[in-house]
Amino acid sequence: MLNLVDSTPPRLLIIDDDPLLRGMAANTLRHAGFDVSEAEDGIQGLEQVKQTPFDLLLLDVMMPKLDGYEVCKHVRQSPRGERVPILMLTGLHDSTSIEQAYEAGATDFISKPINWTLLSHRVRYSLRAGLAIESAMRSHERLERAQHIANMGSWELKADGERFLCSPELARVLAVPPEVVARARPEDFLSRIGSADRDTIRAMRQAALEEGRPYQRTFVIHRFDGVARTVFEQAAVVIDHNGRQVAVEGITQDITDRVEAEERIKRLAHYDVLTGLPNRQFFNELVGPTLDRSARLGAGCAMVYVDMDRFKSVNDAVGYAQGDTVLRLISARLKASIRTSDLAMETRPPNHESMLSRVGANAFTLLLVDIADEKQATLVADRLLKAIAEPIAIDEHELVLTASIGIALYPRDAADAEGLTRCAEQAAYAAKSAGRAQHRFFDEAMNVRASARLARESDLRHAITAGQLRLHYQAKVDAGTGRITGAEALVRWQHPDRGMVSPGEFIPLAEESGLILPLTDWVLEKACEDLRRRADMGLQLVPVSVNLSSPSFADDGLRTQLEALLRRHRLEPNSLVLEVTETLLMSDVERAVARLQELREMGFKVSLDDFGTGYSSLGYLKRFPIDELKIDRSFVTDVWRGGRDGAIAVSVIALGRVFGLQVVAEGVETRGQSTFLLAHGCAQQQGYLFAKPVSGSDFDALLATPSADDGSNIIVPKDD
Ligand code: C2E
Ligand code: CA
Ligand code: CA
């Protein structure tokens with residue numbers, strides 16, 4: 001590219017068959033600072049043009065072989081010669097040859113005889129003009145390229161409002177056929193704009209023409225090939241040097257892809273992918289204005305929280321993919337139920353503004369607008385429950401689902417979307433606790449309970465980290481000999497205000513809140529620490545039983561956690577017994593069996609706690625790889641009276657024998673109970689008769705003191 005500021009002089013080529021004239025011109029121009037080459041005829045000239053890029057050509061018209069016009073045409077057709085300025089040397093006042101020169105593509109002409117003082121000025125001027133054109137062309141090309149990349153095209157609407165100039169780029173963007181481009185009229189384009197915007201755009205263009213008002217707008221246009229696209233259009237007025245409005249100029253950009261991408265992003269941020277329903281956050285945003293409107297109209301709303309019951313078992317039964325299908329189906333039923341007036345037949349239908357959202361894995365919320373009272377909301381809830389309970393056929397399964405529904409009323413229960421949802425959720429929680437498959441209205445007591453619960457939860461969280469937990473031990477004894485055969489580790493909470501809190505109070509809370517995991521970590525750690533200490537003290541080591549809650553048992557990290565514990569405290573796996581309950585194992589039998597197997601292979605003993613209180617069947621018992629059964633206290637209590645519970649205890653003992661399991665009776669409080677159990681073959685006993693749960697150091701003392709001849713510890717039962 002030529003650059004006049006550049007230090008390299010512009011390169012010129014003079015093609016003239018007249019050596020004298022050529023030489024003089026060359027001399028003059030060299031003198032003026034140009035780099036000049038010469039060619040003595042057209043053929044030589046073209047040859048040189050092919051080899052060297054020149055910044056300007058001086059071309060004589062009259063030459064033998066190839067005349068100047070021909071040379072000019074050839075240069076213009078050559079790849080480099082398209083834009084190079086060509087000055088033609090013509091005879092004076094020879095208007096036909098001048099015309100012919102322009103036709104052949106000449107930039108300008110210089111007439112002979114040549115005015116030598118002016119020559120270099122003419123050349124310089126031409127070069128500068130050429131440069132301007134070149135850069136204009138380049139910027140035009142750049143613009144075209146930019147427009148191409150940006151999927152935009154420009155247009156011009158003439159002041160008469162009749163002619164519409166469509167750029168090639170716009171033609172491409174809108175797939176305009178050439179015949180339309182050739183004589184385009186504004187209506188050709190306006191008629192393709194979606195009806196919603198057509199009149200607006202027409203009016204805006206008119207306003208631009210008449211009042212000089214620029215505009216910009218996004219709208220949908222049907223391209224000439226029929227495809228609908230979203231475009232963004234910006235237009236402004238063209239004013240000539242006299243200050244007159246001569247046209248409206250605009251650019252139209254196809255932004256369909258961007259709009260779609262934005263919509264996708266919006267959908268991802270605002271909607272649940274599975275059901276396409278608004279997510280919790282977006283739902284709250286939507287609900288806000290609706291509540292405000294209802295408040296102004298004095299109308300009531302109801303927030304309904306639908307929590308599917310036992311959905312985990314659906315996933316277990318049909319797999320996650322089909323579980324998702326079920327959720328989509330449920331969401332469709334709920335959606336239909338707020339759309340159809342059928343839902344609340346006996347009452348007014350929920351207002352069309354009512355909306356639905358998926359707020360949790362198995363939970364939905366509905367806002368029912370224009371609901372007057374509890375009675376009306378009850379009708380809706382009943383119908384929702386019915387809709388949910390319609391059987392669902394998945395593969396060969398027929399599922400009948402239920403849900404727990406909580407309802408909060410606006411404005412009675414809360415003043416905003418979030419508060420309302422929270423209340424409804426609490427009510428759903430209450431419905432679930434009350435036995436599922438029913439609805440509950442929110443009441444203040446729930447709120448109090450819920451906040452009390454939250455407070456207790458954070459209290460407990462603090463307890464775990466602040467060292468308020470204690471681990472007590474209750475001896476397990478061979479009733480025949482009085483020897484201590486083991487101990488159960490039982491957690492306590494040394495509460496700064498409430499004193500010693502029993503696990504019955506906080507274990508359920510820990511299980512619901514997930515705090516059971518850190519709590520179990522603490523218990524395991526402490527139990528191993530105590531075992532290590534006893535070993536170091538030279539005390540007799542009896543295995544310690546630790547209670548495992550369901551989340552801990554199911555936790556994938558359990559294996560590594562236990563291995564690390566044993567390594568750290570230098571203990572053998574048989575120093576720990578893991579107590580699990582039937583209900584825990586029954587919630588997912590396959591997984592439980594696999595996990596039990598894993599634990600036993602690692603060398604741990606597993607005990608089935610509270611046996612007889614759950615719903616285990618003998619068939620399952622056979623499948624569970626366990627070592628020990630613990631007869632629940634409730635069967636032990638009046639065992640010696642020979643009642644029904646006694647009979648159960650006896651058969652559990654027999655069962656244990658059949659399966660080769662050790663049987664432990666817990667909650668043994670009297671000699672009578674102990675003797676009866678012993679007589680029926682259950683020597684392993686645990687209960688207040690022998691020892692209450694005591695602190696770690698007290699248990700150490702217990703292990704240290706009364707010893708039998710063989711060095712083991714004997715506990716003498718207390719008198720009844
Ligand atoms: P559990 O596993 O059935 O533990 C036996 C419970 O019976 C203990 O209550 C124990 O103190 C009590 N007990 C023992 N002998 C007698 C007796 O002769 N008469 C009577 N009336 N009760 C007796 P505790 O310590 O209050 O524990 C209650 C429950 O809390 C435990 O029942 C267990 O399910 C749970 N728990 C305790 N510690 C832990 C723990 O570290 N982790 C987990 N996950 N749960 C624990
Ligand atoms: Ca236990
Ligand atoms: Ca128990």
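For reference, positions follow the sequence shown, starting with 1. Start at 1 and go down the list; that is how both ligands and their atoms are numbered.
- The residue Lys692 has no part lying near ligand 1, judged by heavy-atom distances below 4.0 Å.
- At a heavy-atom distance under 4.0 Å, no atom of Gln686 approaches ligand 1.
- Within ligand 1, the atoms closer than 4.0 Å to a non-hydrogen atom of Gly687 are 15 (N), 18 (O), numbered from 1 in the order shown.
- Formation of a donor-acceptor pair under 3.5 Å by the Arg358 side chain with backbone atoms of Ala361 is found in this model.
- The residue from Ser549, Pro503, Ser502 that puts a heavy atom closest to atom 28 (C) of ligand 1 is Pro503.
- Only the side chain of Val523 comes within 4.0 Å of ligand 1, counting heavy atoms alone; its backbone N, CA, C and O stay farther away.
- Between the side chain of Asp698 and the backbone N or O of Val694, no donor-acceptor pair lies under 3.5 Å.
- Comparing Leu519, Thr520, Leu524, Asn547 by heavy-atom distance to atom 43 (C) of ligand 1, the nearest is Asn547.
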Side-chain donor/acceptor pairs under 3.5 Å, residues 509-523, sequence neighbours excluded:
residue, atom, partner, partner atom, Å
Glu511, OE2, Ser549, OG, 2.6
Glu512, OE1, Tyr429, OH, 3.1
Glu512, OE1, Arg453, NH1, 2.4
Ser513, OG, Leu509, O, 2.8
Ser513, OG, Ala510, O, 3.4
Ser513, OG, Leu515, N, 3.4
Thr520, OG1, Ile516, O, 2.7
Thr520, OG1, Ser552, OG, 3.0
Asp521, OD1, Gln561, NE2, 2.6

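- Using a 4.0 Å cut-off between charged nitrogen and carboxylate oxygen, Glu488 and Lys476 do not count as a salt-bridge pair.
- Between Arg333 and Glu390 there is no salt bridge, since none of the side-chain N atoms of the basic residue sits less than 4.0 Å from a carboxylate O of the acidic one.
- Assignment of Glu488 to the shell around ligand 1 is supported, since a heavy atom sits closer than 4.0 Å.
- Of the options Val668, Leu490, Leu584, the smallest heavy-atom separation from atom 8 (C) of ligand 1 is shown by Leu490.
- Taking a cut-off of under 4.0 Å to the non-hydrogen atoms of Glu666, the atoms of ligand 1 that pass are 3 (O).
- The atom of Glu488 nearest to the Ca ion (ligand 2) is OE2, with the search restricted to N, O or S atoms.
- Between the Ca ion (ligand 2) and Asn547 there is an N/O/S contact shorter than 3.0 Å.
- A donor-acceptor pair is defined here as one N or O able to donate and one able to accept, closer than 3.5 Å; such a pair exists between the side chain of Thr421 and the backbone of Ala417.
- When each atom of ligand 1 is checked for a heavy atom of Val491 under 4.0 Å away, the hits are 38 (N), 39 (C), 40 (C), 41 (O).
- The N, O or S atom of Asp609 with the smallest distance to the Ca ion (ligand 2) is OD2.
- Residues meeting the side chain to side chain contact (heavy atoms under 4.5 Å, CB included) test with Asn279, sequence neighbours left out: Gln281, Phe282.
- In the vicinity of Arg492, heavy-atom distances shorter than 4.0 Å reach the ligand 1 atoms 11 (O), 25 (O).
- With a 4.0 Å heavy-atom cut-off, ligand 1 is reached by the side chain of Gln474 but not by its N, CA, C or O.
- Contacts between Asp632 and ligand 1 below 4.0 angstrom, taking non-hydrogen atoms only, are absent altogether.
- Atom numbering of ligand 1 starts at 1 in the shown order; those under 4.0 Å from a heavy atom of Asp610 are 3 (O).
- Aromatic ring orientation, Phe699 versus Tyr473: parallel (interplanar angle below 30°, classes split at 30° and 60°).
- Taking every non-hydrogen atom of Glu669 and a distance limit under 4.0 Å, the qualifying atoms of ligand 1 come out as 17 (C), 18 (O), 19 (N), 20 (C), 21 (N).
- Looking at Glu579, its N, O or S atom nearest to the Ca ion (ligand 2) turns out to be OE1.
- Between Leu608 and Leu585 the shortest side-chain heavy-atom distance falls below 4.5 Å.
- Contact annotation: for His472 versus ligand 1, there are no heavy atoms closer than 4.0 Å.
- Below 30°, between 30° and 60°, or above 60°: for His495 and Trp493 the angle between ring planes is between 30° and 60°, a tilted geometry.
- Taking backbone and side-chain atoms together, Asp610 has no N/O/S atom less than 3.0 Å away from the Ca ion (ligand 2).
- For the pair Ser674 (side chain) and Arg671 (backbone), a donor-acceptor distance under 3.5 Å is absent.
- Of the candidates Lys630, Glu505, Arg633, it is Arg633 that places a heavy atom closest to atom 12 (C) of ligand 1.
- Between Arg280 and Asp272 no salt bridge is recorded (no basic side-chain N to carboxylate O distance below 4.0 Å).
- Although no hydrogens or angles enter the test, the distance criterion places no donor-acceptor pair under 3.5 Å between the side chain of Ser357 and the main chain of Thr365.
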